[in-house]
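Each chain gets a letter, A, B and so on, in the order the sequences are listed, and its residues count up from 1.
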Amino acid sequence: MYRTHNCGELRIEDKGQNVTISGWVQRKRDKGGMIWIDLRDRYGITQLAFDESKTDKNILEAVGKCGREYVLKATGKVVERYSKNDKMPTGDIEIFPDELEILSAAKTPPFTIENESDGSDELRMKYRYLDIRRNPVKKALILRHNIARETRKYLDENGFLEIETPNLIKSTPEGARDFVVPSRMHPGTFYALPQSPQTFKQLLMLGGLDKYFQLVKCYRDEDLRADRQPEFTQIDCEMSFVDKEDIMTQFEGLMQHLFKSVLNVDIDTPFNRMSWHDAMEKYGTDKPDLRFDMPISEITHLAQNKGFKVFDSVEYVGGICAEKSASYSRKQLDELTKFVQQPQVGAKGLVYVKYNEDGSFKSSVDKFFTPEDLKSWAEAFGAKPGDLLLILAGNKQETLEQLSVLRLEMGNRLNLRTPGRYVPLWVIDFPLLEWDDETKRYYAKHHPFTSAKTEDIKFMDVDPGKVRANAYDMVINGVELGGGSIRIHNTLDQQRMFNLLGFSEEEARAQFGFLLDAFQYGVPPHGGIAFGFDRICALFGGSDSIRDYIAFPKNNAGRDIMLDAPARISEEQLKELKLKIVDKG
RNA sequence: GGUGUCGUAGUUCAAUUGGUUAGAAUGCCGGCCUGUCACGCCGGAGGUUGCGAGUUCGAGUCUCGUCGACACCGCCA
């Protein structure tokens, strides 16, 4: 037997028991005469003690060999410590082993297995199995497990069925790039890995299953980000005989349950709602962080025709008001200017107006504007003495986006993005379609199965860009956690949608014939939502990167540096698949 | 596809802005120490400064290329 107890559970009450524990050597302290080993497993650390004058010679010899991360099995009596450690749960006791077995020797690990490791990200990813031994990584994976368990519990209790859908499916032209898998039995043809089980879950509704969910891997062959992996997990859900309100209420409930059961945090329902249009105008983004307000105000009409060419020559002038920041130094303002001028942000420059405590103004454009002008701006911003106005100008769309980035930066600098505080929001009334200038056609903003708002259907033929969708995104603290829609549920509307997207009837049939056929056999009105499970984990864990919550993530370039994947395959494999590599890049 | 930052002992970083033998901490190895728990003390080993070219009397430092890591833009219905 390898253990009677784990390394985290023995207490003073267990004094006198004969126990066996197994684990890894966290640390060895040789004091001369006395030697201690901290033995670690998933549950904690227990100290082994060895007395050079009393412990068996063979055991001492084995102890001498032990280095960090050796795997040991130790049997002995639990004794009360002579000097206790109140920082450890097991700090009152230790074990004097009378048997010790080295189960596995270990090379010295390339980085320290401590809460604050000395290893870089790259090194820790290469040796991810060692990294996982560290408490922060272990905790993140436990958090992920807890969120998964509570998701299943809530959805089960609400009548949802977890149903698996296939991973080898068919490539579709819309949306993200597909990962593709060659078929051996049908040379020259390919499966695609699903970007989401979208059509399957709709067919499950046709199948009458009513309420479906799945914790499901999805795959998108696009470039990575801190919050984007090529394979990721969704909480994918669909319901029948529901409208938008039913779904929003149901999944506010899920989120409320997760916050309460996993973090013991109370969040209020119903969540606030904001139209996509308002979000873009007020915050420059469709996923505003509402832990702080600092909305964007437009002052184009106040700032133009006063002789300042930069403002006169543009479509849009607007900015944000940072409270109590008029005392910002030249250096800080230069930093902000540099920040917005980074190519990633792309602003040409930054105009500031300090609304001083004494009511006077100091700005970078004093040459062009009178104090009265600046006062009118301050009023437009709702600014008070002591506030700092930060103003950008340019093309409207781009400037709003730049202001949204600047707003988040100011939120960070002013510590307004409080960790542990959660402000949920539904963003609704998304445009159904997006015009693409390059290909001169509309694309579905969400996906081609999303229905239009009834009152906007009249614009469908005359001004499709104006049609709003029955879609909703859940945003918490500026993170887009999930989104969904009420689906189209009749053949005619679906065909009209494919038409708008430029599909010929034949193309629509070839791609989605099974769905159009299915729609002829009695379709319940239905809709659903999908959450980024990894993002929920990162939000709950307080991290910006989902990699910390994935056991074996891919790096920035989509590689698994532990496996060294992707990799070449053998000539035999290629032959079997009837594939030929023409250009190795 | 593009932009930016970075790359120096096993590891994390430094090197006075181009100048002697590239340092520190930590880890590792050896020795001492009977109550440690980030133990302590003494000693030791450890380097093709990612790789390649160039400028220079002289390059870790400057230039170009290349490879890699990270963040972002494009992309992600």
By the 4.0 Å heavy-atom rule, please label Y82(A) as base, sugar-phosphate, or nothing. base
With a 3.5 Å cut-off and heavy atoms only, can you find an N or O donor on one side and an acceptor on the other between the side chain of R81(A) and the base of rC37(B)? yes
NA contact type, P448(A), heavy-atom cut-off 4.0 Å: base, sugar-phosphate, or nothing? base
I want to check one thing: is the phosphate of rA69(B), taken as OP1 and OP2, less than 4.0 Å away from some side-chain N or O of S120(A)? no
Does R29(A) have a side-chain nitrogen or oxygen under 4.0 Å from the phosphate oxygens OP1 or OP2 of rG40(B)? no
Name the nucleic acid region contacted by K84(A), choosing base, sugar-phosphate or nothing; use a 4.0 angstrom heavy-atom cut-off, strictly under. base
Which nucleotide in rA71(B), rG74(B), rG35(B) has an atom nearest any side-chain atom of K31(A): rG35(B)
Go through rA38(B), rU36(B), rU34(B) for me and flag the one nearest to the R27(A) side chain. rA38(B)
For N85(A) and rU36(B), is the shortest distance between a side-chain N/O and OP1 or OP2 below 4.0 Å? no
So, applying salt bridge (Lys or Arg N to Asp or Glu O under 4.0 Å) with E69(A), which one of R134(A), K107(A), R133(A), K28(A) is it? R133(A)
Select one nucleotide: of rG1(B), rC76(B), rA69(B), the one nearest the side-chain heavy atoms of I561(A). rA69(B)
Evaluate the side chain to side chain contact (heavy atoms under 4.5 Å, CB included) criterion for residues D286(A) and F430(A): first the C-alpha distance (whole Å), next the side-chain angles of each, then the deciding distance (0.1 Å), finally the verdict. CA-CA 9 Å; D286(A) 57 4; F430(A) 282 82; 4.2 Å; yes
Consider the side chain of D30(A), meaning its heavy atoms from C-beta on, and name the nucleotide among rU34(B), rC75(B), rC33(B) that approaches it most closely. rC33(B)
Base, sugar-phosphate or nothing for R68(A)? Non-hydrogen atoms, less than 4.0 Å. sugar-phosphate
What's S196(A) touching, base or sugar-phosphate or nothing? Going by heavy atoms closer than 4.0 Å. base
From the list rA38(B), rU34(B), rC37(B), which nucleotide is the closest neighbour of the side chain of S83(A)? rC37(B)
R27(A)/E114(A) salt bridge by N-O under 4.0 Å criterion: yes
Side-chain N or O of N555(A) closer than 4.0 Å to phosphate OP1/OP2 of rA69(B): yes
What is the separation between atom CD on Q47(A) and atom C1' on rC39(B), rounded to the nearest whole Å? 11 Å
Regarding D429(A) and K453(A), does a basic nitrogen lie under 4.0 Å from an acidic carboxylate oxygen? yes
Look at all strands and tell whether Q402(A) reaches a base, only sugar-phosphate, or nothing, counting heavy atoms closer than 4.0 Å. nothing
Can you tell me the distance, in whole Å, between the NZ atom of K554(A) and the P atom of rA69(B)? 14 Å
Go through it in stages, so that I can follow the logic: the residues are R11(A) and I93(A), the test is side chain to side chain contact (heavy atoms under 4.5 Å, CB included), and I'd like the CA-CA distance, side-chain angles, deciding distance and then a yes or no. CA-CA 6 Å; R11(A) 297 289 183 275; I93(A) 56 97; 5.9 Å; no
Looking at R124(A) and rU11(B), is any side-chain donor or acceptor paired with a base atom of the opposite kind under 3.5 Å? no
Go through the N and O atoms of the side chain of R228(A) and the base of rC76(B), and report whether any donor-acceptor pair is under 3.5 Å. yes
Give L123(A) one of three labels, base, sugar-phosphate or nothing, depending on what nucleic acid heavy atoms sit under 4.0 Å from its own. sugar-phosphate
Taking any heavy-atom pair under 4.0 Å as a contact, classify T108(A): base, sugar-phosphate, or nothing. sugar-phosphate
Under 4.0 Å between a side-chain nitrogen and a carboxylate oxygen: does that hold for K126(A) and E122(A)? no
Report the nucleotide, chosen from rG35(B), rG1(B), rA69(B), that has the shortest atom-to-atom distance to any side-chain atom of E122(A). rA69(B)
Can a side chain N or O of R547(A) be found less than 4.0 Å away from OP1 or OP2 on rC70(B)? yes
On the nucleotide rC73(B), are OP1 or OP2 found under 4.0 Å from the side-chain N or O atoms that R225(A) carries? yes
